[in-house]
Protein chains: 2
Amino acid sequence: MPSNRSVRLSDIAAIAGVSISTASKALNGGDRISAETRARVREVAERLDFQPNALARSFALGRSRTIGILTYRATSTFAGPVLIGAVLQLGELQQASLVFDEDLLVPRQMTKSIRALQARRIDGLLVVGDGHERVSHSVTHHFGVPVTYAFAASDHPEDVVYLPDNEGAGRLATRHLVEVGATRIAHITGSRDSIAARLRERGMRAELEAAGLKQAGETRHGSWSHDWGAAAMSEMLDSGVEIDAVFCGNDHIGLGVLEVCAVRGLRVPGDIAVVGVDNWEGVVLDQGIRRLTTVDLELQRLGRLAAADVLAPERAPGEHLVAPTLVLGPSS
Amino acid sequence: MPSNRSVRLSDIAAIAGVSISTASKALNGGDRISAETRARVREVAERLDFQPNALARSFALGRSRTIGILTYRATSTFAGPVLIGAVLQLGELQQASLVFDEDLLVPRQMTKSIRALQARRIDGLLVVGDGHERVSHSVTHHFGVPVTYAFAASDHPEDVVYLPDNEGAGRLATRHLVEVGATRIAHITGSRDSIAARLRERGMRAELEAAGLKQAGETRHGSWSHDWGAAAMSEMLDSGVEIDAVFCGNDHIGLGVLEVCAVRGLRVPGDIAVVGVDNWEGVVLDQGIRRLTTVDLELQRLGRLAAADVLAPERAPGEHLVAPTLVLGPSS
DNA sequence: CTGAAAGCGCTTACAG
DNA sequence: CTGAAAGCGCTTACAG
């Protein structure tokens, strides 16, 4: 029963026999107050289950405890986890989220969203993008409150930006393959134009070099699909390149590679070890059974970190890369 | 530039040469006011880009324009889209979301979340569950504001509940198969204990009956996996049951079925038409190319509808089923 | 139709 | 250490 619907600070003060200002200080921990007064007020507040009216508090302090979230395609496969991580993190920090899904490149829409967010007196703003491939116009200068970019590259170098560490993902996958004994590692990946693909490849190269290894064959660029993975793997095997592992640019490609291995009677990981990227649940798990070793870019955690950053007392400008994790499966 | 940071209603009033109360009435559309006064005030407000302080407004009206969201496993595959739909819908309605992810069955956690939400003076509450299989304890009586349940069965019959129409999904899939000419429709699905599985099957039965058809063979219950789909399909074909279509309880099963068809040289949909359920992007799409006809339970829309319901002036108690949609692919 | 005044429930200098 | 008072910026009866 919500019996405390209307317990006010003034009630607490009256019962404790102090003024409202003293009661306020007692509860909020100011310093010029006697220990016994504080204890008495707190005891009364506790007993009456006092919950300070958040509306009045916000009004008095000028802080809304609401963070704006400006999203571009919130429903896309990869932006979804970022958004969910953000709203969960904000909730844990007792902050509400005011979410607008807009295309940051359309000035008209932006203006409308920006005005609405300003009117709501948000305490900070989180911009959630749709990955590496798209640069967002910086909106930081429109706001007098902290702005953080998550999963979005901003065009302003002083902005605080959180991105997945795609290069780190390539390093992590490759180091793992080296550690399980692979020495002839091939690479099949997505579009040549993709920034993420390039970064993952670069990470692989760095790690190969560190291990004193050479890449097996040339990188095969194509699409991010199962069919491309299968086609490229077939070609590669037919070409006679000797390989004992494949680092795949994403999970779909990885599954295509696995399929070709199965058809050709190659044992995985005995003959060929395979690692993907994304840890995309629907792709990589079949009713809880994992089919592929993969690298998780930790997008939900990225959302959480970026959201917490908006409220952090100290914020460092520039890019923050979120460390990926390796998820072991039967393919390595 | 946020030059309007401190334009207040009193500024507008002063410039327009009216009192604050008159200015307020002019902007908020009260009736006892002259047309010219209203026009003049509005013109001034427009010119100065006046944005009423949402904090003051909330305080005066006692409405926070914030909706609480109580989630159980917000990050699960199916609850995610519901949550995203909800926060996007609320944003469009200018409502902030205060999200707590808690297990509704753990009283301790609940109590804490409920108190925090009450303290924030939320205007309404949305409970987001994790599907049909789990019944949530009703929390409605803890709140003096509207409570709606999304993707969650409540144990109180008067609660307002939004659920996917699993029976409708079974009907929709079956009707489609009938319409494309199937007459011997088999059913492979998940666990016998699953409520969703039972409802989908019931929908199929109803539609078969309506079409004057009999199900081909018995329903095969197993897991929701690709491997089960393949195994069950193989068995079924070996058993000699004549079939020209399979209604699959989910997409993974559907893909398993497709795989067996491919191996056995059965043309899809020429020899056998296949329909799944879920429209799970990673499963059913390969880089934009669809592999399966499926039924989409419209979970994101469910989240939107439930969120809008919290704020609706009239709310109908009981279950609201959200209509599924058919998504055509190459398998039917 | 218009405006003076009270009220929403806190916080925070400031005087005592 | 404590309390009276002003202030946060709106809305809303109510008197005129």
Side-chain angles (χ1 to χ4, degrees), chain A residues 2 4-42 44-45 48-66 94 118-123 144-145, chain B residues 2 4-42 44-45 48-66 94 118-123 144-145:
Chain A
N4 63 318
R5 183 52 39 82
S6 47
V7 177
R8 285 172 301 245
L9 183 57
S10 58
D11 299 326
I12 305 300
I15 295 175
V18 297
S19 70
I20 293 180
S21 31
T22 298
S24 174
K25 207 182 305 180
L27 295 175
N28 295 322
D31 54 348
R32 309 199 159 244
I33 189 168
S34 76
E36 46 197 333
T37 303
R38 164 165 315 174
R40 184 153 35 92
V41 172
R42 292 205 167 166
V44 173
L48 299 201
D49 191 24
F50 171 62
Q51 317 239 35
N53 183 323
L55 269 33
R57 198 157 214 274
S58 277
F59 177 49
L61 294 173
R63 297 199 293 102
S64 59
R65 294 214 283 166
T66 297
Q94 307 280 333
Q118 288 169 342
R120 279 294 287 263
R121 304 309 203 252
I122 54 169
D123 293 338
V145 295
Chain B
N4 63 316
R5 183 52 40 80
S6 48
V7 177
R8 285 172 302 245
L9 183 57
S10 58
D11 299 326
I12 304 300
I15 295 175
V18 298
S19 71
I20 293 178
S21 31
T22 298
S24 175
K25 205 181 307 180
L27 296 176
N28 294 323
D31 54 348
R32 311 204 156 242
I33 191 171
S34 76
E36 47 197 333
T37 304
R38 163 165 316 176
R40 182 152 37 91
V41 172
R42 293 205 164 165
V44 173
L48 298 202
D49 192 25
F50 170 63
Q51 317 238 36
N53 183 326
L55 269 34
R57 200 157 213 275
S58 277
F59 178 50
L61 294 173
R63 297 200 293 103
S64 59
R65 295 214 283 168
T66 298
Q94 307 280 332
Q118 287 169 344
R120 280 294 288 262
R121 304 307 202 255
I122 54 169
D123 293 339
V145 295

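Numbered from 1 within each chain, the chains take letters A, B, ... in sequence-line order.
- Within the 4.0 angstrom heavy-atom criterion, only backbone atoms of the sugar-phosphate kind lie near A:S34; the bases stay farther away.
- Using a 4.0 Å heavy-atom cutoff across all strands shown, B:I20 reaches at least one base atom of the nucleic acid.
- Rounded to whole Å, atom C1' of D:dG9 lies 15 Å from atom CD of B:Q51.
- Note on A:N28: a side-chain N or O is less than 4.0 Å away from OP1 or OP2 of C:dT11.
- Between the CZ atom of B:F59 and the C1' atom of C:dC8 there is a distance of 4 Å, rounded to whole Å.
- Side-chain N/O atoms of A:S19 include one lying less than 4.0 angstrom from OP1 or OP2 on D:dG3.
- Rounded to an integer number of Å, the gap from B:L55 CG to D:dT11 C1' is 15 Å.
- Remark: B:I12 CD1 to B:R42 CZ distance equals 13.0 Å, nearest 0.5 Å.
- Using a 4.0 Å cut-off, some side-chain N or O of B:R57 falls inside it from OP1 or OP2 of D:dT11.
- The two atoms that bring B:S64 and A:L55 nearest to each other are CB-CD1, 3.6 Å, heavy atoms only.
- Atom pair A:R63:CZ and C:dC10:C1' shows a separation of 13 Å (rounding to whole Å applied).
- In terms of heavy atoms, B:A54 sits closest to A:A119 at CB-O, 3.3 Å.
- The CG-P distance, from B:N53 to D:dG7, rounds to 17 Å in whole Å.
- Going from atom CZ of B:R40 over to atom P of C:dC1 covers 14 Å, rounded to whole Å.
- Put simply, CD1 on A:I20 and CG on A:L9 are 6.0 Å apart, with the number rounded to the nearest 0.5 Å.
- Of the candidates D:dG9, D:dA5, C:dG3, D:dA5 carries the atom nearest the A:S21 side chain, counting heavy atoms from C-beta on.
- In this model, no donor atom of one side chain and acceptor atom of the other lie less than 3.5 Å apart for A:R120 and B:N53.
- Both A:P52 and B:A35 lie close to DNA chain C; mapped to their nearest nucleotides by heavy-atom distance, the more 5′-ward contact belongs to B:A35.
- Rounded to an integer number of Å, the gap from A:L9 CG to D:dG3 P is 13 Å.
- Checking B:S24 against B:S21 by side-chain atom types alone, no donor-acceptor pair falls below 3.5 Å.
- With both pairing distances under 3.5 Å, D:dC1 is matched to C:dG16 as a Watson-Crick or G-U wobble pair.
- Between A:S24 and the phosphate of C:dT11, there is a side-chain N or O to OP1/OP2 separation shorter than 4.0 Å.
- Listed candidates were D:dC10, C:dC8, D:dC8. Nearest to the side chain of A:A60 is D:dC8.
- Between the P atom of C:dT11 and the CD1 atom of A:I33 lies a distance of 12 Å, rounded to the nearest Å.
- Ranking D:dT2, D:dC8, C:dC10 by closeness to the A:K25 side chain, first place goes to D:dT2.
- Out of C:dC10, D:dC10, C:dG3, the shortest distance to the side chain of B:T22 is found at C:dG3.
- B:T37 comes within contact range of the sugar-phosphate backbone alone, with a heavy-atom separation under 4.0 Å but no base atom that close.
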